[in-house]
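Presented below is the structure to which this report refers.
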Amino acid sequence: MNQSGWQLGGSTAAGYERHLVPAIFAPWAERLIGLAPPRPGERVLDLACGTGIVARTAARRMEDRGQIVGVDVNEEMLQVARAVSGELRPRIDWRRGCACELPFPDGSFDLLYCQQGLQFFPNWDGALKEMHRVLAPGGRLALAVWRTVDYNPGFAAFVAALEQHVDAETALIMRSPFAVLSQDDLRRMVEQTGLTDVRMRIGVGAARFDSAGDLIDKEEQGSPLKGPLGGLGADARAALRADLDERLRPWTDDDGVILPMQSHFITARR
Ligand SMILES: C[S@@+](CC[C@H](N)C(=O)[O-])C[C@H]1O[C@@H](n2cnc3c(N)ncnc32)[C@H](O)[C@@H]1O
């Protein structure tokens with residue numbers, strides 16, 4: 001499990017839930033679920049659930065009927081998921097597990113979501129085969145994977161600023177959520193598992209932050225950037241903020257900065 005990407009420690013998992021889920025992940029969870037809405041009574045898996053925004057959003061649509069499981073390799077994320085989902089029904093079962101070897105028998109789920117998880121798995125083909133295996137015949141799959149960083153230009157600017165003021169390794173952390181695969185490659189990989197009705201869609205959206213500095217602070221508090229940015233001296237930190245401020249000027253307005261974002265959505269059926 002330790003080869004998996006985007007690993008956060010305890011306080012960072014809480015920061016992810018507090019700062020990045022509302023700004024980025026919650027609106028995209030609504031959109032993903034809109035493409036494959038859960039039906040009351042279904043068995044639903046949220047793979048790479050993180051703090052569980054997709055599972056929680058799905059639960060609200062299930063009229064307290066059905067089963068929902070959230071799986072993530074990171075126990076700290078799961079602890080936050082447990083803490084914030086207490087009253088929700090159906091009750092969500094939060095389980096530690098790797099996408100490479102899902103801890104479920106064949107055909108266990110009617111619907112499988114995976115929002116911004118695939119890109120971090122050590123073996124994409126293997127993970128997709130596991131998704132196929134745990135889906136019941138007729139079961140539905142809905143995945144979201146950010147498009148390459150060029151289609152997410154505010155984050156491309158952040159990557160460039162990190163490269164200039166921190167180092168290449170830190171810049172790579174901020175680049176890692178963005179796909180390296182084209183739409184065609186992704187489609188081929190999903191089709192190769194034997195899944196059918198594969199449909200690819202491009203989602204266009206935006207994330208708001210109060211300022212370039214606010215983006216840096218929130219990513220620091222809720223992502224693996226915490227370690228490298230925490231060790232930055234005052235001068236380098238000020239230079240990073242000033243540079244990102246400048247780079248994000250085209251997306252700056254009276255409310256702060258708005259970062260255009262694009263994601264692949266992939267739906268399929270077993
Ligand atoms: C960017 S977060 C997305 C979390 C959540 N789906 C959301 O929308 O907020 C990526 C998640 O993938 C998880 N992850 C990475 N590799 C994994 C693996 N091999 N198996 C299961 N989860 C994994 C990470 O621990 C992290 O919680």
Side-chain angles (χ1 to χ4, degrees), residues 6-35 37-38 44 46-62 68 70 72 74 76-89 92 94 113-117 119-120 142-147 149 151-155 157-158 173-174 176-178 203-226 229 241 244-245 248 251-265:
W6 207 255
Q7 290 308 293
L8 309 183
S11 67
T12 327
Y16 177 88
E17 171 62 23
R18 178 176 317 154
H19 299 300
L20 299 184
V21 168
I24 301 178
F25 295 92
W28 288 92
E30 292 283 358
R31 295 173 68 169
L32 181 70
I33 285 171
L35 290 173
V44 177
D46 176 9
L47 177 58
C49 61
T51 54
I53 186 62
V54 172
R56 287 182 273 137
T57 307
R60 293 193 185 93
R61 298 192 178 199
M62 291 179 67
I68 310 183
D72 201 283
N74 186 306
E76 282 81 9
M77 291 293 236
L78 293 170
Q79 276 173 17
V80 174
R82 282 184 198 105
V84 296
S85 63
E87 301 300 313
L88 266 181
R89 296 294 179 272
I92 303 167
W94 303 106
Y113 298 113
C114 182
Q115 170 162 278
Q116 309 306 344
Q119 53 270 58
F120 302 112
L143 307 177
V145 180
W146 300 125
R147 298 188 78 196
V149 80
Y151 292 100
N152 292 277
F155 284 91
F158 194 8
I173 295 175
M174 198 60 249
S176 65
F178 300 98
V204 177
R208 270 237 171 245
F209 292 88
D210 292 343
S211 62
D214 182 47
L215 167 65
I216 296 172
D217 292 344
K218 287 182 171 160
E219 285 287 349
E220 179 174 1
Q221 288 170 57
S223 87
L225 289 182
K226 183 164 191 158
L229 292 191
R241 289 173 98 90
L244 190 57
D245 216 26
L248 293 185
W251 297 289
T252 302
D253 63 13
D254 290 343
D255 286 346
V257 294
I258 181 152
L259 307 184
M261 298 198 75
Q262 292 194 25
S263 181
H264 297 289
F265 286 122

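Values reported hereafter were calculated over all heavy atoms of this structure, with side chains retained and with hydrogens, waters and symmetry mates removed.
- One finds the CZ atom of F158 at 6.0 Å from the CG atom of L244 (value rounded to the nearest 0.5 Å).
- Judged by distance alone, with hydrogens and angles left aside, the side-chain atoms of Q119 form a donor-acceptor pair with the main-chain N or O of P177 at under 3.5 Å.
- In terms of heavy atoms, A48 sits closest to D72 at C-OD2, 3.3 Å.
- Under the salt bridge (Lys or Arg N to Asp or Glu O under 4.0 Å) criterion, the residue pairs touching residues 251-263 are R208-D253, with sequence neighbours excluded.
- For R241 and D245, the salt-bridge test fails: no basic side-chain N is under 4.0 Å from an acidic carboxylate O.
- The closest side-chain donor-acceptor pair between T12 and E76, if any, does not fall under 3.5 angstrom.
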Apply side-chain contact (heavy atoms from CB on, under 4.5 Å) to I173 and E219, showing your working.
CA-CA 11 Å; I173 295 175; E219 285 287 349; over 6 Å; no

Mind running side-chain contact (heavy atoms from CB on, under 4.5 Å) on I24 and F209 for me, showing each step along the way?
CA-CA 10 Å; I24 301 178; F209 292 88; 4.1 Å; yes

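- Each of I53, V80, T51 was checked for a side-chain contact (heavy atoms from CB on, under 4.5 Å) with Y16, and the lone residue meeting it is T51.
- Considering Q116, R31, R147 as possible partners of S263, the one that fulfils the side chain to side chain donor-acceptor pair (under 3.5 Å) test is Q116.
- With hydrogens and angles disregarded, a donor-acceptor distance shorter than 3.5 Å links the side chain of N74 to the backbone of M77.
- The aromatic rings of F25 and W146 are tilted relative to each other, their planes meeting at an angle between 30° and 60°.
- One finds the CG atom of L143 at 6.0 Å from the SG atom of C114 (value rounded to the nearest 0.5 Å).
- Checked by atom type and distance alone, the side chain of N152 pairs as donor or acceptor with a backbone atom of Q262 at under 3.5 Å.
- Between M261 and F178 there is a side-chain heavy-atom pair separated by less than 4.5 Å.
- Here the CD1-CG distance, from I92 to D46, works out to 8.0 Å after rounding to the nearest 0.5 Å.
- In this structure, L32 CG and T57 OG1 are separated by 9.5 Å, a value rounded to the nearest 0.5 Å.
- R82 places a side-chain N or O within 3.5 Å of a backbone atom of W94 that can act as its donor or acceptor partner.
- Across every non-hydrogen atom of A58 and I33, the tightest pair is N-CD1, 3.5 Å.
- The line from OG of S211 to CG of L248 is 9.5 Å long, rounded to the nearest 0.5 Å.
- Residues W251 and P260 come closest through the heavy atom pair NE1-CG, 3.4 Å.
- In this structure, V54 and A29 approach most closely via the heavy-atom pair CG2-CB, 3.9 Å.
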